[in-house]
Every structure is written in structure tokens, then in C-alpha cells.
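Nothing here was measured: the structure is a model prediction, and the numbers come from that model.
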Amino acid sequence: MKEKCDKENRIRFCELREKEVINTCNGRRLGCMTDIILDKCSGTVEAIIVPGPGKVCGLFGYDAEYIIPFECICRIGPDIILVEICEEKFLKTCK
């Protein structure tokens with residue numbers, strides 16, 4: 001049975017961007033979500049994007065990003081997004 005989606009279960013993109021993403025596998029903070037990938041046909045969220053480690057302490061931008069499939073999100077809480085990933089698998093070089 002599909003869960004009823006009422007206004008309390010909805011969240012705006014701007015609210016998601018304020019939440020810190022934490023990997024439950026190792027407790028590591030990945031950073032804040034910066035973008036999402038949507039399926040144009042179905043309108044569903046396929047993945048969230050979090051900047052990877054910075055070039056020099058994050059001062060000169062990022063050369064990689066985590067592309068985390070929506071299925072890997074364990075929970076979206078009031079302040080954080082919990083994900084369960086193998087970081088090396090989802091860390092992609094920016095183009």
C-alpha cells in the first residue's frame with residue numbers, strides 16, 4: 001500500500017540544501033546537498049549531489065562530487081540527511 005503523501009511529508013528544495021548529509025556506514029559528514037537529478041519523464045528524484053573533498057581545504061573549489069542515488073537515503077530528518085553509501089563508489093569527477 002502506498003503511503004499517503006500529505007503536506008507534512010513534503011519538503012522544498014531550498015530546505016534540503018540546508019541539511020547536512022551524513023554517511024551512516026562510517027559517521028562521516030559529507031557536506032550539504034547542492035543539487036538533485038530528476039527523471040524528466042516521471043518527475044521523480046533519481047539522486048542528490050554533494051560536493052566532494054575540496055582541492056586545497058575546500059578553498060579553490062571542488063574537483064569531484066558525490067552522486068548519491070535516492071535509494072541510498074535512509075532518512076531525512078529536521079537537520080540532516082542520512083545516507084548509506086560506499087563513498088568511493090559514488091564519488092565522481094566533475095566535468
Quiz prompt | Reported CD1-to-NZ distance for the pair Ile11 and Lys19, which is rounded to 0.5 angstrom | solution = 4.0 Å
Practice problem: Hey, could you give me the CD/CD1 distance between Glu65 and Ile49, rounded to the nearest 0.5 Å? | Solution: 5.0 Å
Quiz item: Got a second to check how far Leu30's CG is from Asn23's CG, nearest 0.5 Å?
Solution: 5.5 Å
Quiz item: If every non-hydrogen atom of Cys32 is compared with every non-hydrogen atom of Pro51, which pair is closest and at what distance?
Solution: O-CD, 3.4 Å
Self-check item: Over all atoms of both residues, closest heavy-atom pair of Ala64 and Leu91
Solution: CB-CD1, 3.8 Å
Exercise. List in chain and number order the residues that pass salt bridge (Lys or Arg N to Asp or Glu O under 4.0 Å) with Glu46, two or more places apart in sequence or in another chain; answer none if no residue qualifies.
Key: none
Quiz item: What residues, two or more places apart in sequence or in another chain, satisfy side chain to side chain donor-acceptor pair (under 3.5 Å) together with Arg28?
Solution: Tyr66, Glu87
Self-check item: More than 12 heavy atoms of other groups within 6.0 Å of Glu15 CD
Solution: yes
Quiz item: Ile37 versus Ile67: any side-chain heavy-atom pair under 4.5 Å?
Solution: yes
Self-check item: Partner residues of Arg29 under the salt bridge (Lys or Arg N to Asp or Glu O under 4.0 Å) criterion, sequence neighbours left out
Solution: Glu20
Quiz item: Can you list every pair that meets salt bridge (Lys or Arg N to Asp or Glu O under 4.0 Å) and has a residue in residues 35-44, with sequence neighbours left out?
Solution: none
Quiz item: Does the pair Thr34 and Val50 meet the rule for a side chain to side chain contact (heavy atoms under 4.5 Å, CB included), with working shown?
Solution: CA-CA 6 Å; Thr34 58; Val50 178; 5.9 Å; no
Would you give me the side-chain donor-acceptor pairs under 3.5 Å for residues 68-83, sequence neighbours excluded?
none

Quiz item: Are Ile22 and Phe90 co-members of a hydrophobic cluster defined by side-chain heavy atoms under 4.5 Å apart?
Solution: no
